[in-house]
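Structure record follows, encoded as structure tokens.
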Amino acid sequence: MISVPELSTTRSQGRRGPVTRWLRPGVLVGTAIVVGASSAMYVAADGRWGHYSRLLNPDAEFAVPAAWNALLLIVAAGFSALLSRRVTRLYVWLAVGLLVMAIDETLAVHEGIERALGVDWQVLYAPLALGALVLALRLVTTLWRRDRRTLPGLLAVGSCWLFSQVLEAFEWRGAVQMPHYAAMMLVEEALETSGSAVLVLTTATAWLRTSSASKVT
């Protein structure tokens, strides 16, 4: 466990101020607006997509929801990189993984690969998912010893992302949408984006809590 003194110095307060004042409410409000507006627009449009409603389509490539999720992943990657200097070097690999996810989300890489090869992207990405699982287990065991207060947030993120992928697996059969596709897709996208938001808040909080601790050697 990390022994963290009170962040009472001017320097610590300077670090804490912008994060407490702007980042947390920005992430929460922004995520609520993006998820709520995109879901409402999808239901209201009922397949009749105009230009603006397509930009808010939660299941579309190069749309606002995908861009917001990518931004959250990039911010979380930044805090993870900072944590790698103070808690465990494993956070470096988390940061790298999050940046890869952000690039994939921004450029719709997995959708393109799936269309090109005709194979479900979840099957193609299975080796990467296995590597991510190994990293997650190592990170959890390390944080159990060094920073247990971060674990609930990370477990919540993992739960959101896991259930979102389970839902996505049941949304399609080949190129055919399954019954209740819309409901499953909206919940899946909400869980995915919410998981990213929770990860930003979790890593930011961990960084604030450890900002006056010694660097990891």
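Keep in mind that this is a model prediction, so the values were computed, not measured. FYI, side chains are in, hydrogens and waters are out, and symmetry mates aren't considered; it's all heavy atoms of this structure.
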Partners passing side-chain contact (heavy atoms from CB on, under 4.5 Å) against [X] (at least two apart in sequence or in another chain):
X      : value
Leu107 : Ile103, Val109
Ser39  : Val35, Leu186
Ala76  : Leu98, Leu199, Val200, Thr203

Between Leu99 and Leu73, is there shared hydrophobic-cluster membership here, with clusters defined by ILVMFWY side-chain heavy atoms closer than 4.5 Å? no

Shortest non-hydrogen separation from [X] to [Y] and the atoms involved:
X      : Y      : result
Glu114 : Asp120 : OE2-CA, 3.3 Å
Leu72  : Ala197 : CD1-N, 3.8 Å
Cys160 : Gly195 : CB-CA, 3.8 Å
Ser84  : Ala81  : OG-O, 2.5 Å

Would you say Ser164's side chain and Trp161's backbone share a donor-acceptor pair under 3.5 angstrom? yes

Are the side chain of Arg148 and the backbone N or O of Trp144 linked by a donor-acceptor pair below 3.5 Å? yes

How would you list, by chain and number, every residue that makes a side chain to side chain donor-acceptor pair (under 3.5 Å) with Trp93, sequence neighbours excluded? none

Any pair with a residue in [range] that passes salt bridge (Lys or Arg N to Asp or Glu O under 4.0 Å), sequence neighbours left out, goes on the list, sorted by first then second residue, please.
range            : value
residues 59-84   : Glu61-Arg115
residues 121-136 : none
residues 122-144 : none

Side-chain H-bond candidate by donor/acceptor type, Gln122 with Glu168, under 3.5 Å: no

For residues Arg209 and Thr150, is any side-chain donor paired with an opposing acceptor at under 3.5 Å? yes

Hey, what else clusters with Ile33 if you join Ile, Leu, Val, Met, Phe, Trp, Tyr whenever side-chain heavy atoms sit under 4.5 Å? Val29

Note: with side-chain heavy atoms under 4.5 Å as the link, the other cluster members for Leu137 come out as Leu133

What residues form a ring pair (Phe, Tyr, Trp, His ring centres under 6.0 Å) with Trp68, not counting sequence neighbours? none

Among residues at least two apart in sequence or on other chains, which ones pass ring pair (Phe, Tyr, Trp, His ring centres under 6.0 Å) with Tyr181? Trp172

With a cut-off of 6.0 Å (strictly less than), are more than 12 heavy atoms of other residues, nucleotides or ligands near CZ of Phe170? no

Please determine whether the number of non-hydrogen atoms from other residues, nucleotides or ligands lying under 6.0 Å from atom OH of Tyr125 exceeds 12. yes

Less than 4.5 Å apart, any side-chain heavy atom of Leu201 and any of Val27? yes

Go through the steps to decide whether Leu23 and Phe79 satisfy the test side chain to side chain contact (heavy atoms under 4.5 Å, CB included), and finish with yes or no. CA-CA 12 Å; Leu23 181 64; Phe79 282 114; 3.4 Å; yes

Using the salt bridge (Lys or Arg N to Asp or Glu O under 4.0 Å) criterion, which residues pair with Glu171? Sequence neighbours excluded. none

Considering the options Leu55, Asn57, Val34, which one meets the side chain to side chain contact (heavy atoms under 4.5 Å, CB included) requirement together with Pro65? Val34

